[in-house]
Asker: 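Below is the structure I would like to discuss, written out as structure tokens.
FYI, side chains are in, hydrogens and waters are out, and symmetry mates aren't considered; it's all heavy atoms of this structure.
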Amino acid sequence: MDPATSVSNPTVDSTATSQEDRALFTPLNPDYPDLVKLRDVLDSHNFNVEGIERTYQIPLPVLLSEPFYQVLWRTREETSLDLLVRLFLEGERISLAKFETIVEATGLEPWVECGLVRVDGSSVSAVVELFPFRGLWMTFDFKPHYTQPLSNYYVMGVASSTKTLSEITIRQPYEKVLDLGCGSGLQALLCSNHSEFAIGIDQNPRAINLAKFNAALNGITNVEFRQGDLFQPVEGEKFDLIVSNPPYVVSPPSDWIFRDGNRKDSEREGDAFCQMVVKEGAKYLNEGGYLEMLANWVHPREENWKVRLRGWFDDTECDAWVMQAGEQSSPNYANLWIKDTTSEANRKATFDQWMEYYESLKVDRISAGCIVMRKRSRADNYFCLEKMPDKWAKNAGNTIQRAFLFLDMLAKTSDEELLDTAFCRSPNIRLTQYLEPQENSWGLVQNQIRVMDPLPSRADMDSVAMALLTQCNGDLPVRTILEGICEGLKAEWEEVLPAGLAMTKGFLQRGLIWPPEHQEAPSEIAEKGFGASGSEEPDMKQQRDTL
């Protein structure tokens, strides 16, 4: 039985889709009973991350990046796991008889009735990709070759951007979480593990259908998915965490709901959609709540892009930490994106259209990165802009949260209290020294400190910075260290003090040094500050970064 005839089709906006597009919109049935039993079958055949990587001795992302014929070779023995990989990860038809053997515990009917597979004569094909990720099984659309039609309601899979957002998410207990532009629902499902309730919203009705199915398949009940544009489905509600992997691509007007922010809407031209998420999202945060999102932003030809970006956060009553992953020229940016949805024969015309659009915006370069905001409406807010690391671990959100906590502590601590604090070097830093040959020895060229945290970074260190960092051993207060530096440089205290204080604050923000109380619960540290209690309304102006 074809699932298209057995499952009711969710509401589709007839003004935004064609008849051909509707034909590609094959829904799943999230209300089918006992979907978790299908998950048990998958587990029994090791169709999970651990089983796949153990069997093929290769990371799952690497396996999926291999050419199709190479994956077929790896799965040539046609074990039950081989066949499931071919069926659900590669979109390959397999024998009906062999599939029935694999699903003997449940029988064939549930797999067809819920919409996961369709039977075509003596073979079975997958309707959607079924992907194991961090203890979940996620359904989403197979990515077609660009010569095949791509539905406007296409639901994207676990891309690098999806992983990045999951890695930077601050994982702590929350009462209420929102996944804005939820797609297949992955972020909401991950957050459901550490929140009382999670909501996912998306304009794409197919995304809502698949997200509901994924929740049911994984047996997750404290999550809800609603269809609508931007924050309309949650009007009047507040959240402790908002995560978003929005359609951020800066492109000419497009129908690609999953990708492009500018969908024939003059109010969303350029990077306006991402800016809208920032401005509107702040209104839906509880005090102390976080908004974490991926974003692209333009570099206007006649405007300082850093000043412009900082303006996004004006009047949001939020602290903001922006991590820039990189920037590209507009031609390179256009080439990066049009190849996914445009045949080679049409790429020149599409490229010319994109370049005309960038010229109309007077944009030559475009950046990509991550934004983390935290609602703090009682005082002046700070803004931090820095380079994003090349890669980070799964729990990078903990490092981000710690940085906000340390900044809070700085706000509660006067300069005098800071000078009287004995900081400790982080155990997660490493020193690399670059030397050059001299006549009878080696001469120091550069000191470079690397932070080995889940949020890695590196910084060049001059001799004064090295002296300060080296002596932060938990015994000497900053004042004593700076006095020693003064003596060594034969400099006046007034000359060294401003730079020394700035270095200390920078070290703390980047995680190079930790306060002595860091072994306590983070919330207790933030409440106390480093020394005395400080003022109830901290003056954050001293913490502002100058662009």
Side-chain angles (χ1 to χ4, degrees), residues 1-13 17 21-43 47 84 87-94 96 99 102-103 106-120 123-133 136-144 149-158 162 179 181-190 192 198-221 223-227 257-258:
M1 182 185 301
D2 191 314
T5 64
S6 62
V7 182
S8 60
N9 198 331
T11 303
V12 178
D13 182 0
T17 184
D21 203 37
R22 287 171 184 251
L24 291 169
F25 189 80
T26 306
L28 304 185
N29 185 358
D31 298 319
Y32 191 87
D34 295 328
L35 282 176
V36 290
K37 290 182 178 179
L38 308 189
R39 185 185 64 188
D40 294 338
V41 171
L42 299 171
D43 243 345
F47 189 73
L84 288 171
L87 177 68
F88 286 123
L89 296 183
E90 294 295 327
E92 177 78 354
R93 292 175 184 269
I94 67 170
L96 171 59
F99 183 71
I102 294 172
V103 300
T106 61
L108 174 65
E109 182 178 351
W111 299 82
V112 177
E113 291 291 331
C114 77
L116 275 177
V117 302
R118 62 165 58 93
V119 177
D120 303 296
S123 65
V124 171
S125 60
V127 174
V128 289
E129 185 168 345
L130 182 58
F131 185 81
F133 184 77
L136 300 172
W137 282 265
M138 300 297 299
T139 62
F140 40 78
D141 288 319
F142 285 104
K143 185 175 181 180
L150 179 62
S151 167
N152 292 338
Y153 289 92
Y154 171 79
V155 178
M156 185 180 72
V158 180
T162 316
D179 179 4
C182 63
S184 66
L186 176 61
Q187 308 297 340
L189 297 180
L190 290 174
S192 71
I199 298 175
I201 56 179
D202 203 295
Q203 188 181 24
N204 183 353
R206 176 156 176 75
I208 297 301
N209 172 238
L210 294 187
K212 289 180 177 180
F213 183 89
N214 290 333
L217 180 64
N218 289 282
I220 296 174
T221 58
V223 64
E224 178 184 328
F225 295 98
R226 307 174 187 174
Q227 183 186 345
I257 294 177
F258 73 96

Asker: Shortest non-hydrogen contact from Asp120 to Ser125?
Answerer: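 Residues Asp120 and Ser125, closest heavy atoms: OD2-OG, 3.2 Å.
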
Asker: Using every non-hydrogen atom in the two residues, find where Glu113 and Tyr32 come nearest and quote the distance to one decimal.
Answerer: CB-CE1, 3.2 Å

Asker: Sequence neighbours excluded and cut-off under 3.5 Å, please list the side-chain donor-acceptor pairs for residues 210-217, or say none.
Answerer:
from   : atom 1 : to     : atom 2 : distance (Å)
Asn214 : OD1    : Thr139 : N      : 2.8
Asn214 : OD1    : Thr139 : OG1    : 2.6
Asn214 : ND2    : Thr139 : O      : 3.2
Asn214 : ND2    : Ser184 : O      : 2.9
Asn214 : ND2    : Leu210 : O      : 3.2

Asker: Restricting to non-hydrogen atoms, name the atom on Cys114 and the atom on Leu35 that form the minimum distance, rounded to 0.1 Å.
Answerer: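 Nearest pair, atom of Cys114 first, then Leu35: CB-CD2, 3.7 Å.
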
Asker: How long is the gap from CD1 on Ile102 to CG on Leu84, to the nearest 0.5 Å?
Answerer: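 Reported value, rounded in 0.5 Å steps: 4.5 Å.
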
Asker: How would you list, by chain and number, every residue that makes a side-chain contact (heavy atoms from CB on, under 4.5 Å) with Pro132, sequence neighbours excluded?
Answerer: Phe47, Val49, Ile52, Leu60, Leu89, Trp137

Asker: Run the side-chain contact (heavy atoms from CB on, under 4.5 Å) test against Arg226 and tell me which residues pass, sequence neighbours left out.
Answerer: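 For Arg226, the residues satisfying side-chain contact (heavy atoms from CB on, under 4.5 Å) (neighbours in sequence not counted) are Ile199, Ile201, Glu224, Pro233, Val234, Glu237.
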
Asker: Where is the tightest heavy-atom contact between Pro27 and Asn209, given as atom of each residue plus distance?
Answerer: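 Of all heavy-atom pairs spanning Pro27 and Asn209, the closest is CA-OD1, 3.3 Å.
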
Asker: What are the two closest heavy atoms between Pro205 and Gln227, and how far apart are they?
Answerer: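 In terms of heavy atoms, the two residues are closest at CB-OE1, 3.6 Å.
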
Asker: Can you name the residues that form a salt bridge (charged side-chain N to carboxylate O under 4.0 Å, His left out) with Asp31, not counting sequence neighbours?
Answerer: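 For Asp31, no residue satisfies salt bridge (charged side-chain N to carboxylate O under 4.0 Å, His left out) once neighbours in sequence are set aside.
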
Asker: How long is the gap from CZ on Phe140 to CD on Glu129, to the nearest 0.5 Å?
Answerer: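 The CZ atom of Phe140 sits 4.0 Å away from the CD atom of Glu129.
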
Asker: How long is the straight-line distance from CG of Asp179 back to CG of Leu186, given to the nearest 0.5 Å?
Answerer: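 Those atoms lie 8.0 Å apart.
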
Asker: Distance check, rounded to the nearest 0.5 Å: Arg118 atom CZ versus Ser123 atom OG?
Answerer: 11.0 Å

Asker: To the nearest 0.5 Å, tell me how far Asp34 CG sits from Asp40 CG.
Answerer: 10.0 Å

Asker: Do Phe99 and Val119 have side chains that approach each other closer than 4.5 Å (heavy atoms only, starting at C-beta)?
Answerer: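 A side-chain contact under 4.5 Å is absent here.
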
Asker: Under 3.5 Å, is there a donor-acceptor pair between the side chain of Asn204 and the main chain of Arg206?
Answerer: yes

Asker: Measure the CD-CG distance between Gln187 and Leu190 for me, rounded to the nearest 0.5 Å.
Answerer: 6.0 Å

Asker: Val155 versus Asp202: any side-chain heavy-atom pair under 4.5 Å?
Answerer: no

Asker: Thr106: what forms a side-chain contact (heavy atoms from CB on, under 4.5 Å) with it, not counting sequence neighbours?
Answerer: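 For Thr106 the side-chain contact (heavy atoms from CB on, under 4.5 Å) partners, ignoring immediate neighbours, are Lys37, Leu38, Val41, Val103, Pro110, Trp111.
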
Asker: If I compare all heavy atoms of Ile208 with all of Cys182, which pair ends up nearest, and what's the gap?
Answerer: CD1-SG, 4.1 Å

Asker: Which residue is it: Val128, Thr162, Leu189? I am looking for the one with a side chain to side chain contact (heavy atoms under 4.5 Å, CB included) to Met138.
Answerer: Leu189

